[in-house]
Amino acid sequence: MRQLILFFALCTFSSVLYAQDANPAEKTKYWIFLTDKLDASGKQTQMEESYLSDQALSRRTLRGEVDRSLQFRLQDAPISPIYEANLIYQGIKIKQHSRWLNAVTAYLSEDQVDPISTLPYVKEVRPVKHVAPHVEPSIPVSPVIPQRVSANCPSSKYGRSCTQLDVVNAIPAIEEGINGTGVWLGFIDTHYNTDRNAQPFNHPSLRHIPDSGRRMDVRDFTDRDSSQPCLSWNNHGMDVASVAVSYSEGSLIGPGHGATIFGATTECVGYERNIEEDNYVAAVEWLESEGVDVITASLGYRDFDEGQRSYTPDELDGDTGLTTIALDLATQRGVVTVNSAGNEGPRPQTITTPADGDSVIAAGGIRSTRSVWSGSSRGPTSDNRIKPDVSAMASGVSVASPSFIGNGTSFSAPMIAGIVTQILEVNPDLKPREVWHLLTSTASQALAPDNNLGWGIVDAYSAIKAAQSLALNRSSDPSLPSGKLMIHPPYPNPFNGVVHFTIESIEPVQHARLSIYDVLGRKVATIYEGPIQSGGFPIQFDGHGLSPGVYAYNLEYEGRAQSGTITHIGYK
């Protein structure tokens with residue numbers, strides 16, 4: 001009875017809306033943000049026991065931010081059924097729910113927006129953005145594709161994927177059998193099949209995934225509005241996935257081909273109303289609840305059609321875009337997130353959401369020559385953070401479709417995501433920020449990042465070996481004194497140019513300094529000075545300019561010090 005009383009009380013606020021049901025084509029899709037999640041009894045709604053998979057619970061425990069457990073419980077709970085029922089009673093047809101944002105999406109006419117905004121349980125009404133794939137039109141190539149084998153390809157088995165793997169030094173780890181086995185990877189894109197009626201991941205280079213039982217689920221988030229069916233189709237998602245997880249010897253191989261796969265279709269190509277943020281947000285929440293370790297997407301939101309509200313440059317701050325917020329929340333729960341930077345370059349401040357997020361690994365683009373691809377979106381963000389984070393090939397990329405090559409940061413993102421699955425395979429304990437540090441500290445310009453390539457071109461093998469080294473050191477010395485830092489043995493040592501350090505702390509330290517000294521005790525370099533957050537903190541030191549010999553390193557923090565030696569053997 002109490003539920004019915006509250007329901008009818010809410011209905012009295014704006015019952016005039018009940019009769020309004022304009023054609024959806026005459027409406028605009030909006031986010032309707034709610035004030036709270038109270039049920040009919042006035043209590044907080046509770047997350048259903050079945051909402052999270054065992055895999056998701058395990059990942060959150062292993063990599064999530066444990067101090068946010070109360071926040072997670074509140075965010076994971078469903079929206080208020082009373083508020084939802086009231087909106088439906090007033091003629092609002094809800095299209096999507098977001099637990100994390102405590103919001104729903106619906107098509108509203110202009111004269112509905114203000115009355116809905118004034119409802120006592122509505123916090124804000126905001127237009128939904130439209131999405132564009134981060135890809136240029138594929139370029140037709142000759143049907144006869146030469147099988148390129150570079151000097152760094154050990155055999156012809158890598159076929160036409162050799163160059164894109166070689167540029168990011170991904171081949172050595174694949175040769176060692178490191179391929180993302182045991183890691184769950186989720187894609188957000190268009191469709192993943194060769195034609196509309198085929199099963200997902202049916203291309204010959206991807207068929208090993210369903211054949212081995214590693215295609216867990218593929219869900220279409222565009223097919224929710226029967227009045228506006230998604231009639232357009234393309235295989236952009238299939239081509240994106242092929243860069244990361246394909247395996248067809250002599251043709252196409254991706255670095256994460258051993259991973260377990262989920263797919264979310266959120267974009268209906270050519271049909272504007274279904275190419276929107278709410279599909280993306282819904283996909284992120286679904287993938288996280290299923291337990292994926294990595295999410296990668298090649299979509300972005302910034303500039304939209306005439307009459308639509310675009311994101312302003314000031315809103316590219318990592319906190320405004322709803323897809324950015326969704327990926328931030330997924331990262332807090334232990335998911336590593338990768339998103340293409342965009343194809344709006346070469347002008348500065350052309351990054352798109354959600355690549356502007358501080359917890360999102362934004363993928364920039366390069367050519368096979370290792371120079372920046374002109375179309376790759378650039379930073380900084382509006383709050384002056386460097387973007388992109390790291391880069392991989394985005395021009396002339398070989399994909400599953402044999403008569404096309406891919407151009408766009410759509411194809412740098414899955415390469416990086418595939419490498420992330422390899423990193424997590426060798427060290428499953430790494431938290432998302434630690435993965436970011438491993439990628440950035442081993443990239444080509446780790447000591448001088450910029451807004452063209454970020455910290456530089458990914459060095460997959462170095463990042464993977466650093467992850468293995470960190471795992472080995474943690475297993476041999478699993479505990480740290482509370483509030484103190486530990487510096488793990490440098491890798492490699494002896495070194496011939498670049499050496500990698502990892503500082504680890506179980507609690508943040510406000511100030512630390514890592515320095516290098518020669519045998520006479522003279523300081524020759526300060527590698528790092530500043531705060532250290534909890535977790536692993538990789539640092540790269542470039543020894544160019546140092547003479548061969550033995551050097552001491554010294555880590556100072558809170559009146560304490562740790563030291564050791566490194567040996568520089570010159571350059572090869």
Under a 3.5 Å cutoff, is there a donor and acceptor pairing between the side chains of [X] and [Y]?
X      : Y      : answer
His511 : Glu556 : no
Thr320 : Asp317 : yes
Thr352 : Glu344 : no
Gln562 : Tyr557 : yes
Asn343 : Trp373 : no
Gln445 : Asp450 : yes
Asp459 : Thr442 : no
Gln75  : Arg333 : yes

Within a strict 4.5 Å, meaning less than it, do heavy atoms of the [X] and [Y] side chains meet?
X      : Y      : answer
Asp356 : Glu315 : no
Lys37  : Leu74  : no
Ile178 : Ile464 : yes
Trp455 : Ile386 : yes
Arg214 : Met216 : no
Ser377 : Gln349 : no
Glu176 : Lys465 : yes
His97  : Thr105 : no

For the residue pair Tyr83 and Tyr121, categorise the inter-ring angle as parallel (less than 30°), tilted (30 to 60°) or perpendicular (more than 60°). parallel
With sequence neighbours left out, the residues meeting ring-ring contact (aromatic ring centres under 6.0 Å, His included) with Trp286 are Phe221, Phe262
Ring-face cation contact, Trp184 with Arg59, 6.0 Å cut, 45° max: no
Sidechain-backbone polar pair: Thr350 side chain, Arg378 backbone, donor-acceptor under 3.5 Å: yes
Distance from Ile295 atom CD1 to Ile361 atom CD1, nearest 0.5 Å? 12.0 Å
By salt bridge (Lys or Arg N to Asp or Glu O under 4.0 Å), which residues pair with Asp518, not counting sequence neighbours? Arg522
Only one of Tyr553, Phe495, Tyr528 passes ring-ring contact (aromatic ring centres under 6.0 Å, His included) with Phe501, and that residue is Tyr553
